[in-house]
Amino acid sequence: MIFLVAILWAGLITTLLIRAAAQYRHYETLASPNTDAALEQSLPKVAVIIPARNEASNIARCLRSLLSQNYPAGQLRFVVVNDASTDATPAIVRELAAEDPRVLLLQAGPLPAGWAGKPRACSAGALAAGESTWLCFLDADTVAEPDLLAAAAGEAVRRGLDMLSLEPRQEMGSFWERVVLPTGFFLLAFQQDLRRVNHSEALDATANGQFILVRRQVYEAVGGHAAVRSEICEDKALARAVKRAGHKLALIGAEKLIRTRMYTGWTSLWEGLSKNVTEMLGGLGVTLFVAAGALVLGWVSVLAPWWACHVVAVQSHAVTTMAACVVICLASLALLCTHFSGSRYFGIPWWYGFLLPLGYTAAALIALNAVRLRLKGEVAWKGRVLAAPTAA
């Protein structure tokens, strides 16, 4: 029995880590642009659209970072779409708009039937984009470095892209953010192959809605956010529409140019991830599979070495049995060290890696709750109940 466990466990961990390492090895990172004056003047007109619902704690920091961009001032326009906020979000934006005429505050108005909130706000912002040739959809909880927009626009033009999505650096402040989010990112790395997203011949498409830069002509040609009006994961749906229409898409990292803190603790994390994890993973069946896999990874990594050492201590001192025990322990150690490395990457204390059983268990519970909500046909976010598709 111990030999079978050793083979299965070591094989599983080896496969997952090789898969994750392959993605990491091909992971592209956006660099700061060349500051050549001629290049700066050739940058296109961009309208930055920020959907904002109850973002009083974030919107000023986000907007000020955008107003400080190293980008020709006349080429930028900022449209903040107030999505029925009940806090001070619109008042804060009005103050900043009084300081800089490039900032426009737009009211999204009542949510029409069949629309989710964010697609509606993004669509309204796109209609107010003026003469901009590119649209940049940016979440209000992001903070941009001064070179962000120049780097993104320059990269999109240089590579002939029609849509560019960036992965910000994820900031994690609370205990539960630091426990759950790294395991979530590892599960995505184990389950998905994001290398295919940047391959023009593959149909795989996804995007990070925290930053999407898209040619306006292409955006309008595929129907814009109106075409994905009811989607919970409107970013992934829009990317799919762009790529399936034959346009060129890329998803790359930008950890040095933009950062975000998505959640502030367990409550927002539970609600936020439960809202969209089934769409992120690809449906109900895949989500259930990932939930089961998370429980296996979290607890077998602890229980298998304990059981193997017990077998050696109590039942058999044979060399082959001890070898199997070593293999099991090394496989668990490899997973643990991967989480230590993840903690370092995310800038959190290394000892959070020891909490991987708790992190994977919480991730599994969130995935199961997401399935429950999907079957129920509705999800909640920021005080608004949205209809969710019930099909896998």
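Worth saying up front: this structure is predicted, and the values here are computed from it rather than measured. Numbers for residues simply follow the sequence, beginning at 1.
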Colleague: For residues 138-146, please give each side-chain donor-acceptor pair under 3.5 Å, one per line with the distance, not counting sequence neighbours.
Modeller:
unit_1 : atom_1 : unit_2 : atom_2 : d
D139   : OD1    : K118   : NZ     : 2.8
D141   : OD1    : T260   : OG1    : 3.1
T142   : OG1    : D139   : O      : 2.6
E145   : OE2    : R259   : NH1    : 3.1

Colleague: Please find the pair of heavy atoms, one from P182 and one from I348, that lie closest to each other, and give the distance.
Modeller: CG-CD1, 4.2 Å
Colleague: How far apart are the C-alpha atoms of F346 and F185, what are their side-chain angles, what is the distance that settles it, and do they pass the ring pair (Phe, Tyr, Trp, His ring centres under 6.0 Å) test?
Modeller: CA-CA 11 Å; F346 289 115; F185 285 116; 5.4 Å; yes
Colleague: Using a strict threshold of under 4.0 Å (side-chain N to carboxylate O), is an ion pair present between E271 and K275?
Modeller: no
Colleague: Before you tell me yes or no, could you show the steps for T183 and L297 under side-chain contact (heavy atoms from CB on, under 4.5 Å), namely the whole-Å CA-CA distance, both residues' side-chain angles and the distance that decides it to 0.1 Å?
Modeller: CA-CA 10 Å; T183 60; L297 287 174; over 6 Å; no
Colleague: Would T361 and W299 count as having a side-chain donor-acceptor pair, cut-off 3.5 Å?
Modeller: yes
Colleague: What's the spacing between L249 CG and K243 NZ if we round to 0.5 Å?
Modeller: 6.0 Å
Colleague: How close do S32 and L257 get, heavy atom to heavy atom, and via which atoms?
Modeller: OG-CD2, 3.7 Å
Colleague: Please round to the nearest 0.5 Å and tell me the distance separating atom CG of L238 and atom OG1 of T206.
Modeller: 11.0 Å
Colleague: Tell me the closest heavy-atom pair linking R374 and E279, and the distance in Å.
Modeller: NH1-OE2, 3.2 Å
Colleague: Could you check if a side-chain atom of Y263 sits within less than 4.5 angstrom of a side-chain atom of L273, using non-hydrogen atoms only?
Modeller: yes
Colleague: Is it true that, when you exclude E220 itself, more than 12 heavy atoms of the residues, nucleotides or ligands shown sit nearer than 6.0 Å to its CD?
Modeller: yes
Colleague: Y219 and A126: which non-hydrogen atoms are nearest, and at how many Å?
Modeller: CE2-CB, 3.6 Å
Colleague: Quick one: which of L104, V103, V48 gives a side-chain contact (heavy atoms from CB on, under 4.5 Å) with R77?
Modeller: L104
Colleague: So, do M280 and K236 sit near enough that their side-chain heavy atoms are less than 4.5 Å apart?
Modeller: no
Colleague: Can you list, pair by pair, the side-chain donor-acceptor contacts under 3.5 Å of residues 149-165, counting residues two or more places apart and other chains?
Modeller:
unit_1 : atom_1 : unit_2 : atom_2 : d
E155   : OE1    : R158   : NH2    : 3.2
E155   : OE2    : R158   : NH2    : 2.9
E155   : OE2    : R159   : NH1    : 3.2
R159   : NH1    : E28    : OE1    : 2.8
D162   : OD1    : R215   : NE     : 3.2
D162   : OD2    : K248   : N      : 2.8
S165   : OG     : N208   : N      : 2.8
S165   : OG     : N208   : O      : 3.0
S165   : OG     : F211   : O      : 3.0

Colleague: side-chain hydrogen bond (donor to acceptor under 3.5 Å, both in side chains): which pairs involve residues 52-63, sequence neighbours left out?
Modeller: N54-T86, E55-N58, E55-K382
Colleague: Do R178 and P349 touch side chain to side chain, with heavy atoms closer than 4.5 Å?
Modeller: yes
Colleague: Would you check if W307 and V5 make a side-chain contact, meaning some heavy-atom pair closer than 4.5 Å?
Modeller: yes
